[in-house]
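Side-chain atoms are counted along with the backbone in the values below, which use heavy atoms only and exclude waters and symmetry mates. Just so we're clear, the structure is a prediction, and the values are computed from it rather than from any experiment. Below, chain A is the first sequence line, B the second, and so on; all start at residue 1.
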Number of protein chains: 2
Amino acid sequence: MEQVKERIRKQFGNLTASQKIISKIAVDKPSLIAIHTAKKIGELTNTSEATVIRFCHSLGYSGYSELQDEIKKSLLMMDQRKGPIQKYRATEDAVTRDNYAHQVIETDIAFLQHGLQQFDYELYQQAIDSIIRANRIVVVGLRWCHIPAKWLFSTLNAIKGNTHLYTGAVDNADYFLTERDQEWLVIAISFPRHPAETIGLVQSAKSLGAKVLAITEGELSPISQAADYLLKVTTPQPAATSGMPTLFSLLNVLIKGVMVHDAANVQKRLQHYDEISSKLYSFVGEDDDFSFY
Amino acid sequence: MEQVKERIRKQFGNLTASQKIISKIAVDKPSLIAIHTAKKIGELTNTSEATVIRFCHSLGYSGYSELQDEIKKSLLMMDQRKGPIQKYRATEDAVTRDNYAHQVIETDIAFLQHGLQQFDYELYQQAIDSIIRANRIVVVGLRWCHIPAKWLFSTLNAIKGNTHLYTGAVDNADYFLTERDQEWLVIAISFPRHPAETIGLVQSAKSLGAKVLAITEGELSPISQAADYLLKVTTPQPAATSGMPTLFSLLNVLIKGVMVHDAANVQKRLQHYDEISSKLYSFVGEDDDFSFY
DNA sequence: GTCAAAATGAAGGATTTACTACATTTTCTG
DNA sequence: CAGAAAATGTAGTAAATCCTTCATTTTGAC
């Protein structure tokens with residue numbers, strides 16, 4: 001259907017600098033091309049009418065008119081399905097080929113909305129404060145919880161520093177033995193079926209005087225008993241696959257909470273991170289995104 | 001804003017029969033007028049070019065051009081609010097202590113809903129089919145994209161097998177050299193700023209005859225050009241932190257798509273996985289959740 | 001049914017827009 | 001830094017579109 005974008009994608013490498021600028025308009029705001037003249041598009045892109053037409057030729061079109069017609073057509077198509085409000089809700093039982101995708105996303109939306117309703121601000125604020133107060137943080141999450149754990153570890157390290165990731169007993173179980181004078185916070189992410197090692201670590205940490213922030217499925221979770229702070233997360237099942245969106249959304253609340261606490265300082269850290277990584281790695285394309293980690 | 005419809009309402013009584021027909025188009029499908037010529041509107045309404053222009057005069061416009069320009073402008077206004085509702089991004093700095101949590105989650109919901117509206121089923125089905133067809137899969141995602149990449153790798157390995165994770169040139173760049181007779185699929189996850197190494201791997205893979213599925217921010221992404229399949233993902237910024245929920249939700253659509261294709265076999269694989277891991281690791285608590293990985 | 005007034009359609013002139021050829025600037029390479 | 005090649009902009013030509021004029025058809029009142 002989107003013939004134009006497909007052509008741009010394929011030919012993008014062969015385009016000139018000016019033509020790439022025009023591509024941006026064509027991809028992001030195709031309606032501008034649909035209703036404006038070639039000359040105007042030239043003005044909007046700080047190029048010229050001729051360059052716009054040459055851009056069309058590069059994509060294999062006979063000229064601006066043909067490109068414009070194609071965009072007009074596809075926009076009209078879009079318009080067609082604006083009418084009746086998304087019938088996929090009504091025909092839930094009619095298992096058509098394309099509704100499982102909607103179901104997946106709608107389930108995520110539903111759980112996020114549910115999370116929003118149940119949201120206990122006080123609880124989260126306590127958790128956020130505990131993160132801000134902590135001198136040293138250990139994030140633990142084993143098996144599939146390693147995914148969100150690693151993200152949390154990396155992100156906290158970027159905006160705050162002094163964060164460690166526990167990856168297994170063999171590697172690094174002895175943080176607490178070496179620096180017991182510090183105020184440690186253990187953030188444990190665990191869901192059924194709970195790895196025994198996660199519980200073991202949490203209990204050891206607790207007995208060594210560390211604070212524990214548990215992110216888990218509920219009060220009955222084995223790690224909840226040892227936790228000082230408990231964040232309850234209800235996700236679609238199975239959590240290992242379908243739980244990620246909900247889980248990350250709530251983790252992101254934590255991160256944002258830490259960030260707003262000392263926004264200026266965080267900003268400085270991130271910029272520093274950015275400079276360092278620019279030297280270490282090479283990137284391609286414009287850097288309009290503020291990347292860290 | 002809707003100057004045109006207002007004029008039609010006021011003047012409707014004074015219009016001729018043909019002009020009333022044209023009014024219907026102008027009110028119901030203004031986009032048709034925005035992109036079509038007066039002659040064509042005449043055809044669509046079974047009237048003539050001249051009548052369309054007289055219709056414009058009746059409304060007080062100098063001619064078709066002026067009416068068309070007015071409609072174009074109002075349609076562009078509409079278009080501005082493309083993408084997820086932007087009100088939370090506008091007030092980025094005005095994040096007060098007690099509303100940021102809601103903002104985070106609501107932003108995620110907004111982007112998911114936007115993704116739902118823009119969802120192109122055909123595109124995803126092609127991607128899913130390519131995954132199902134592939135003999136061997138390599139998942140690549142560097143820097144922060146390593147998080148979703150690792151998840152995708154683990155999950156695909158659980159439900160399908162024969163999946164590899166590319167973690168860097170030093171480790172393992174030579175899959176393709178060793179087994180070129182296989183049908184390889186490279187799944188690349190990359191967002192600005194794009195690591196040069198990701199692009200390099202994608203291009204090498206492409207030149208060695210592998211298929212490439214790109215999961216990235218748009219057609220202009222550097223990895224899109226070499227891609228056979230392109231899944232466009234629009235996330236809150238910065239993507240490294242706030243993008244996860246949206247990204248995982250869409251990745252989960254892929255996974256579900258692969259799972260439904262051969263549900264019985266997948267089920268068997270997962271049970272096997274479960275038995276193995278039960279022997280390797282110890283768990284605590286009831287195992288009502290079907291865990292894998 | 002007839003005539004007049006209004007509405008409509010067809011065709012030619014005027015204006016805008018798309019396209020092409022040439023001149024100038026920028027970029028690349030040795 | 002020089003020369004070549006590519007890219008870009010300007011200006012002039014061809015084409016499409018708009019708009020007006022005039023002939024034809026339709027409508028409505030008596």
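- Residue E49(A) is in base contact, counting any heavy-atom pair closer than 4.0 Å across all strands shown.
- Of the two residues contacting DNA chain C, namely T51(B) and C56(A), the nearest-nucleotide position lying further toward the 5' end is that of T51(B).
- Neither OP1 nor OP2 of dA10(C) sits under 4.0 Å from any side-chain N or O of S48(B).
- The number of heavy atoms from other shown groups lying within 6.0 Å of NZ (K206(B)) is above 12.
- Distances from the side chain of H57(A) to the nucleotides dC19(C), dA21(C), dT20(C) place dT20(C) closest.
- For the pair T37(B) and dC18(D), the criterion of a side-chain N or O lying under 4.0 Å from OP1 or OP2 is met.
- Distance Y61(A) OH to dA18(C) C1': 17 Å, rounded to the nearest Å.
- A sub-4.0 Å separation between OP1 or OP2 of dT16(C) and a side-chain N or O of S65(B) is absent.
- In the set dA10(C), dT8(C), dA18(C), dA18(C) carries the atom at the smallest distance from any side-chain atom of Y64(A).
- Picking from dT8(D), dT20(D), dT20(C) the nucleotide with the shortest atom distance to the side chain of R54(A) gives dT8(D).
- The closest side-chain heavy-atom distance from L75(B) to S31(A) is not below 4.5 Å.
- Residue-level contact check: H36(B) touches neither bases nor backbone, having no heavy atom under 4.0 Å from any strand.
- Between F248(B) and F248(A), the ring planes are parallel. Angles under 30° get that label, and only those over 60° would be called perpendicular.
- Rounded to whole Å, atom P of dT27(D) lies 14 Å from atom NZ of K20(B).
- A salt bridge is absent between E217(B) and K232(B): the closest approach of a Lys/Arg side-chain nitrogen to an acidic carboxylate oxygen does not fall below 4.0 angstrom.
- When heavy atoms are screened at a 4.0 angstrom cut-off, A38(A) is found touching the sugar-phosphate backbone but no base atom.
- A salt bridge does not link K73(A) with E70(A): none of the charged nitrogens is closer than 4.0 Å to a carboxylate oxygen.
- Of the side-chain N and O atoms in T16(B), one or more sit less than 4.0 angstrom from OP1 or OP2 of dT8(C).
- Counting only heavy atoms from C-beta on, T47(B) has its side chain closest to dG9(C) among dT20(C), dG9(C), dA18(C).
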